[in-house]
Engineer: 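Sharing a structure below in structure tokens format, with a few things to ask.
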Amino acid sequence: VWDWSLIPGITTTYLSDSDVQIGAKENVKNHMYQTGTKSFVGGVSDGLYAVSVMDYEHKHNHDWYSTTAKKAVFMFDDGFVSLTADIKGTDSSYPVNTTLNQCNLNGDVVYSENNSSTKTLGAETGSNVTAKWINHDGVSYIFPEARSVMVSNKAKTGTWKKINDSGSATTITKNVFEAYISHGKKPNGASLEYTVLPAATIEETKQYVNSPDMLTVTNNSATQSVW
């Protein structure tokens, strides 16, 4: 049931299951196993707070396309800030996405456009919503301004054999929560900022939005910083 192009936290060119399974383009399967080409990656911590960074570049092994981005995550007491800058993609057929999360559905998906009124995603729904924040399973995803986010709570079906020839062919169905941002096809310098509160109620989310204590200072190709 897992969409391997929507791994939580990643920014990458989106390849559907059919692209991967049948090879819609030559050597697309080989592409899935390519590693990044940049060496600037790592993290630091003082034992209380931490930051992790990655200068991301993923090139197809036959120069079919490449995806690049500057990524940083700043971790504090009650949550973290995720910054992505200078997002670029070179393929005109596939969009570049940043995934907020993909996990088993557990309860309602609630979102707000204005931090006042809230809406609940309907059952078996997958659509773009305009959201200042989204809450699912006690985790809130907050944006500086209301923006378009793709969210889904649909039932997904798959088999272990689909990803491993020695796996079971028995069909499994699970309700899955997905949330991601589409940067479109061939983005050139796109950016994204969002805050995650991993243990927050709806009311706590509203209070945080009214008085945030993790503030982005810069998010560009040269510098990413949070105060």
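Throughout, residue positions are numbered sequentially from 1 according to the sequence presented. Keep in mind the model is a prediction, meaning the values are calculated, not measured. Atom set for the values below is all heavy atoms of this structure, side chains included, hydrogens, waters and symmetry mates excluded.
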Engineer: Which heavy atom in Ser221 sits nearest to a heavy atom in Ala85, and how many Å separate them?
Structural biologist: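 Reported closest heavy-atom pair: N-CB, 4.2 Å.
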Engineer: Applying the 4.5 Å side-chain criterion to the ILVMFWY set and letting contacts propagate, would Val51 and Leu197 be lumped into a single cluster?
Structural biologist: yes
Engineer: From Thr13 OG1 over to Tyr94 OH, what is the distance, rounded to the nearest 0.5 angstrom?
Structural biologist: 10.0 Å
Engineer: Has Asp3 got a side-chain atom pairing as donor or acceptor with Ser5's backbone, closer than 3.5 angstrom?
Structural biologist: yes
Engineer: For Thr218 and Thr223, does a side-chain donor sit closer than 3.5 Å to a side-chain acceptor?
Structural biologist: no
Engineer: Spell out, as yes or no, whether a donor-acceptor pair under 3.5 Å connects the side chain of His136 to the backbone of Asn106.
Structural biologist: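 At least one qualifying donor-acceptor pair exists.
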Engineer: Got a second to check how far Asn135's CG is from Ile202's CD1, nearest 0.5 Å?
Structural biologist: 3.5 Å
Engineer: Working to the nearest 0.5 Å, report the span between NZ of Lys156 and CG of Asn104.
Structural biologist: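 Going from the NZ atom of Lys156 to the CG atom of Asn104 covers 12.0 Å.
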Engineer: Between Gln207 (side chain only) and Glu204 (backbone N and O only), is there a donor and an acceptor less than 3.5 Å apart?
Structural biologist: no
Engineer: Go through the side-chain N and O atoms of Thr157 and Thr173 and say whether any donor and acceptor fall under 3.5 Å apart.
Structural biologist: yes
Engineer: Would you say NZ of Lys161 has more than 12 non-hydrogen atoms from neighbouring residues, nucleotides or ligands within 6.0 angstrom?
Structural biologist: yes
Engineer: Would a 4.5 Å heavy-atom cut-off, applied to side chains only, mark Lys70 and Asp55 as touching?
Structural biologist: yes
Engineer: For a side-chain hydrogen bond (donor to acceptor under 3.5 Å, both in side chains) with Ser168, tell me which candidate from Thr171, Thr170, Asn164 qualifies.
Structural biologist: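 Of Thr171, Thr170, Asn164, side-chain hydrogen bond (donor to acceptor under 3.5 Å, both in side chains) with Ser168 is met by Thr170 alone.
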Engineer: Give the minimum heavy-atom separation between Thr99 and Tyr180, together with the two atoms involved.
Structural biologist: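 Scanning both residues, the minimum pair turns out to be CA-CB, 3.8 Å.
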Engineer: Evaluate side chain to side chain donor-acceptor pair (under 3.5 Å) for Glu57 paired with Thr68, printing each intermediate quantity in order.
Structural biologist: CA-CA 4 Å; Glu57 181 178 51; Thr68 60; over 6 Å; no
Engineer: Report yes or no: do Phe40 and Phe74 belong to one cluster of Ile/Leu/Val/Met/Phe/Trp/Tyr joined by side chain heavy-atom distances under 4.5 Å?
Structural biologist: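 Yes, same cluster.
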Engineer: Report yes if the side chains of Ile134 and Val151 come closer than 4.5 Å at any heavy-atom pair, otherwise no.
Structural biologist: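 Counting from C-beta outward, Ile134 and Val151 do come under 4.5 Å.
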Engineer: Quick check: does any side chain N or O of Glu178 sit under 3.5 Å from a backbone N or O of Gln102, one acting as donor and the other as acceptor?
Structural biologist: no
Engineer: Using atom types as modelled and distance alone, determine if a side-chain donor or acceptor of Lys71 lies under 3.5 Å from a backbone N or O of Gly9.
Structural biologist: yes
Engineer: Under the side-chain contact (heavy atoms from CB on, under 4.5 Å) criterion, do Tyr194 and Leu100 qualify, and how do the steps go?
Structural biologist: CA-CA 9 Å; Tyr194 63 93; Leu100 306 180; 3.5 Å; yes
Engineer: With sequence neighbours excluded, give me every side chain to side chain donor-acceptor pair (under 3.5 Å) pair touching residues 41-53.
Structural biologist: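 Of all non-adjacent pairs touching residues 41-53, those that pass side chain to side chain donor-acceptor pair (under 3.5 Å) are Tyr49-Asp77.
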Engineer: Is the backbone of Ser116 close enough, under 3.5 Å, to the side chain of Asn114 for a donor and an acceptor to pair up by distance?
Structural biologist: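 Yes; at least one donor-acceptor contact below 3.5 Å.
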Engineer: Check Val1 against Gly158 and note the closest heavy-atom contact, atom names and distance.
Structural biologist: CG1-N, 4.0 Å
Engineer: Ignoring hydrogens and geometry, is there a side-chain-to-backbone donor-acceptor pair from Asp86 to Ser191 under 3.5 Å?
Structural biologist: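 A pair under 3.5 Å: no.
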Engineer: Going by heavy atoms in the side chains, are Val226 and Val217 under 4.5 Å from each other?
Structural biologist: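 No; the side chains remain at least 4.5 Å from each other.
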Engineer: How would you list all residue pairs meeting side chain to side chain donor-acceptor pair (under 3.5 Å) that involve residues 121-132, not counting sequence neighbours?
Structural biologist: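 Non-adjacent pairs meeting side chain to side chain donor-acceptor pair (under 3.5 Å): Asn128-Ser148.
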Engineer: I'd like to know if the side chain of Ser112 and the backbone of Ser117 have a donor-acceptor N/O pair within less than 3.5 Å.
Structural biologist: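 A pair under 3.5 Å: yes.
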Engineer: Spell out, yes or no, whether Val149 and Val139 are grouped together once hydrophobic residues are joined by side-chain heavy atoms under 4.5 Å, including indirect joins.
Structural biologist: yes
Engineer: Are Val73 and Ile181 connected in the hydrophobic side-chain network, where two residues link if heavy atoms are under 4.5 Å apart?
Structural biologist: yes
Engineer: Do you reckon Met214 sits in the same ILVMFWY cluster as Val209, going by side-chain contacts under 4.5 Å, direct or chained?
Structural biologist: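 Shared cluster, yes.
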Engineer: For Asn97, is there any backbone N or O sitting under 3.5 Å from a side-chain donor or acceptor partner on Ser182?
Structural biologist: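 A pair under 3.5 Å: no.
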Engineer: Counting C-beta onward and ignoring hydrogens, is there a side-chain heavy-atom pair between Val176 and Trp2 closer than 4.5 Å?
Structural biologist: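 No. Closest side-chain heavy atoms not under 4.5 Å.
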Engineer: In Å, rounded to the nearest 0.5 Å, how long is the span from CG of Leu6 to CH2 of Trp4?
Structural biologist: 11.5 Å
Engineer: Is there a donor-acceptor contact under 3.5 Å from the side chain of Asn153 to the main chain of Leu105?
Structural biologist: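 Here the side-chain-to-backbone pair does not exist.
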Engineer: Run the salt-bridge test on Asp91 and Lys186 with the 4.0 Å N-O cut-off and return the result as yes or no.
Structural biologist: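 Not counted as a salt bridge, because no side-chain N and carboxylate O are separated by less than 4.0 Å.
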Engineer: Give the intermediate values and the outcome of side-chain contact (heavy atoms from CB on, under 4.5 Å) for residues Phe177 and Val109.
Structural biologist: CA-CA 8 Å; Phe177 167 70; Val109 179; 3.7 Å; yes
Engineer: Let me confirm one number: the OG1-OH distance from Thr205 to Tyr141, rounded to the nearest 0.5 Å.
Structural biologist: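 These two atoms lie 11.0 Å from each other.
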Engineer: Atom OG1 of Thr98 and atom CD1 of Ile10: how far apart are they, to the nearest 0.5 Å?
Structural biologist: 8.5 Å
Engineer: Any luck finding a side-chain donor-acceptor pair between Ser66 and His58 under 3.5 Å?
Structural biologist: no
Engineer: Would you name the heavy atoms of Ala69 and Ile87 that are closest together and state the gap between them?
Structural biologist: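 What the structure gives for the nearest pair is CB-CG1, 4.1 Å.
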Engineer: Please check if atom NZ in Lys38 has more than 12 non-hydrogen atoms from other residues, nucleotides or ligands closer than 6.0 Å.
Structural biologist: yes
Engineer: Are Leu192 and Leu83 side-chain neighbours, meaning at least one heavy-atom pair lies under 4.5 Å?
Structural biologist: no
Engineer: Look at atom CZ of Phe76 and say whether more than 12 heavy atoms of other residues, nucleotides or ligands are closer to it than 6.0 Å.
Structural biologist: yes
Engineer: I would like to know whether Gln224 and Asn219 meet side chain to side chain donor-acceptor pair (under 3.5 Å); could you show each step before the answer?
Structural biologist: CA-CA 4 Å; Gln224 293 171 301; Asn219 182 31; 3.0 Å; yes
Engineer: Which atoms form the tightest heavy-atom contact between Ala190 and His183, and what is the distance?
Structural biologist: CB-ND1, 4.2 Å
